[in-house]
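Naming: A, B, ... by sequence-line order, numbering from 1 per chain.
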Amino acid sequence: MKGYNYIKLCKFKMKFNKEIGLGFICSTYKSELSTNHSLKLKNLNKKNLLSVFQKNIVDLIKLLQLSNNLNCSIFRLGSQFIPFASHPKFNRSWLKEIKSIIKDYLPEIKKFEIRITMHPGQYVILSSENKNLIKRSLDELKYHFWVLDNLEQDENGIVVIHCGGTYGDKIKSLKNIIKNISQNKWLLERLALENDEKIYSVSDVMIVCQELLLPLVFDYFHHKLLTSDFNFLEVINTWKGRIPEFHLSSRSNKGNKFSHGDYILKSDFIEFINFLYTNIPFEKNLKIDILLEAKKKELALKKLLKSLKDEKYLLV
DNA sequence: ACGCGTCAAGACGGA
DNA sequence: TCCGTCTTGACGCGT
């Protein structure tokens, strides 16, 4: 049994005594490896689906191997792992074959002991009044849960979503989210909510997380674009015994202020660690997973690790 | 053969 | 009003 992969940080004001695990998301840069191989809806049939899924699961193992080589603790599995799985044109009976393929690869996947989490697309919305949209969102979430169940992930295998739109009334929309989740208790098993950069700040998301006892995924980049007042210990407390998942990205030097950069600036990482250092009591024993949301994926992770080593922030 | 626009889906802010 | 942002690979049409 190997232990939790974490990086050994030093050179902070005092020794930073939390165990920080890192990870990158979904694919390698330029997608030599990807868990998001897909197909056009009009080409959706059993044969095509199985061949695409086969590519995704084979690449998943290679991506976990790569993550492990880079000493990562967490990996985000792409939402297109089983393309169109929640679509009406998807024949549910295909899942039997998928299930048995997963079973064959499971020992290889589990041996890395890397935490696998997922982040459905922007179309999963629980704040809406539109019944059909809610139904489709629940179907999509059900698919994500199915995947993590079948990958035999423990309670740390979360499914992260944003809170959706406000439709001009944020309080009403937050109530809708609470109502929709309350009416579907199975969501409490794996669902987690993340603050976004335009609509729902950490303090907004906290209302739902505290009401329903859901983990709050703190995205530092989003928080800086849409700040709010909150007690960071309350964010930690939403995780109960689970390992908090936080997100970090740097601003892109092109595009608008919302877009994610190719890499993670060392300064942004240090700033985030200092934020954690300042806001979590020294004596609190904690593991924390930080997913790096950078366009250049594993290259960004490697570059960050190198620059941290070069400047002696990281013990090799 | 390759480059580019489109593809299941929503909502928002900014130009 | 339209486009880019969240995601970023496949594919089919045009050259």
Quiz item: Can you tell me how far C1' of dC11(C) sits from CG of Leu41(A), to the nearest Å?
Solution: 13 Å
Practice problem: Please state the C1' separation for the pair dC3(C) and dG5(B) - nearest whole angstrom. | Solution: 15 Å
Quiz item: Between atom CG in Leu49(A) and atom P in dC11(C), what is the gap in whole Å?
Solution: 12 Å
Quiz prompt | Value in whole Å for how far the P atom of dC6(C) lies from CG of Asn195(A) | solution = 15 Å
Practice problem: Look through every strand shown and name the nucleotide pairing with dT1(C) as Watson-Crick or G-U wobble, where both distances are under 3.5 Å. | Solution: dA15(B)
Self-check item: Lys131(A) NZ - dA9(B) C1' separation (whole Å)
Solution: 20 Å
Quiz item: Which is true for His162(A) with a 4.0 Å heavy-atom rule: it touches a base, it touches only sugar-phosphate, or it touches nothing?
Solution: nothing
Quiz item: Phosphate oxygens OP1/OP2 of dC6(C): is one of them under 4.0 Å from a side-chain N or O of Lys198(A)?
Solution: no
Exercise. Indicate, with a heavy-atom threshold strictly under 4.0 Å, whether Lys42(A) touches base, sugar-phosphate, or nothing.
Key: sugar-phosphate
Quiz prompt | Upstream residue (5' side of DNA chain C) when Ser27(A) and His222(A) are each assigned their closest nucleotide | solution = His222(A)
Practice problem: Would you mind classifying the nucleic acid contact of Asn43(A) as base, sugar-phosphate or nothing, using non-hydrogen atoms under 4.0 angstrom? | Solution: sugar-phosphate
Self-check item: Spacing of Ile125(A) atom CD1 and His162(A) atom NE2 [to the nearest 0.5 Å]
Solution: 11.0 Å
Practice problem: Examine the side chains of Ser173(A) and Asn176(A) and answer whether a donor and an acceptor come within less than 3.5 Å of each other. | Solution: no
Exercise. Tell me yes or no: between the side chains of Lys46(A) and Asn91(A), is some donor less than 3.5 Å from an acceptor?
Key: no
Quiz prompt | His260(A) side-chain proximity, nearest of dT8(C), dG10(B), dT7(C) | solution = dT7(C)
Practice problem: Among the candidates dA8(B), dC12(B), dT8(C), find the nucleotide nearest to the side-chain atoms of His87(A). | Solution: dA8(B)
Exercise. Tell me what His37(A) touches on the nucleic acid: a base, only sugar-phosphate, or nothing, going by heavy atoms under 4.0 Å.
Key: sugar-phosphate
Quiz prompt | Same-atom distance (P) from dC7(B) to dG4(C), integer angstrom | solution = 15 Å
Quiz item: Ion pair present between Lys62(A) and Glu32(A), side-chain N to carboxylate O less than 4.0 angstrom?
Solution: no
Self-check item: Integer-rounded Å distance: dA11(B) C1' and Glu197(A) CD
Solution: 11 Å
Quiz item: Across the strands shown, which category fits Ser86(A) at heavy-atom distances under 4.0 angstrom: base, sugar-phosphate, nothing?
Solution: base
Quiz item: So, is Thr166(A) near the phosphate of dC12(B), with a side-chain N or O under 4.0 Å from OP1 or OP2?
Solution: yes
Exercise. Pick base, sugar-phosphate or nothing for Phe84(A), based on heavy-atom distances below 4.0 Å to the nucleic acid.
Key: base
Self-check item: Spatial distance of atom CG (Leu191(A)) from atom CZ (Phe145(A)) [nearest 0.5 Å]
Solution: 5.0 Å
Exercise. For the residue pair Asn130(A) and Tyr167(A), confirm or rule out a side-chain donor-acceptor distance under 3.5 Å.
Key: no
Exercise. Report the base-pairing partner of dC4(B) (Watson-Crick or G-U wobble, both distances below 3.5 angstrom), or none.
Key: dG12(C)
Exercise. Would you mind reading off the distance between Gln122(A) atom CD and dT7(C) atom C1', rounded to a whole angstrom?
Key: 6 Å
Quiz item: Under 4.0 Å between a side-chain N or O of Tyr123(A) and OP1 or OP2 of dA11(B)?
Solution: no
Exercise. Could you work out the separation of dG12(C) and dA8(B) based on their P atoms and round it to a whole Å?
Key: 12 Å
Self-check item: Separation of dA9(B) P from Ile134(A) CD1 (nearest whole Å)
Solution: 18 Å
Quiz item: Quick one: which of dA11(B), dT8(C), dT7(C) gets closest to the side chain of Arg76(A)?
Solution: dT7(C)
Quiz item: Closest to the Lys40(A) side chain: dT6(B), dG10(B), dT7(C)?
Solution: dT6(B)
Self-check item: Spacing between Leu226(A) atom CG and dC12(B) atom C1', to the nearest angstrom
Solution: 12 Å
Quiz prompt | Centroid separation Tyr143(A) to Phe90(A) less than 6.0 Å | solution = no
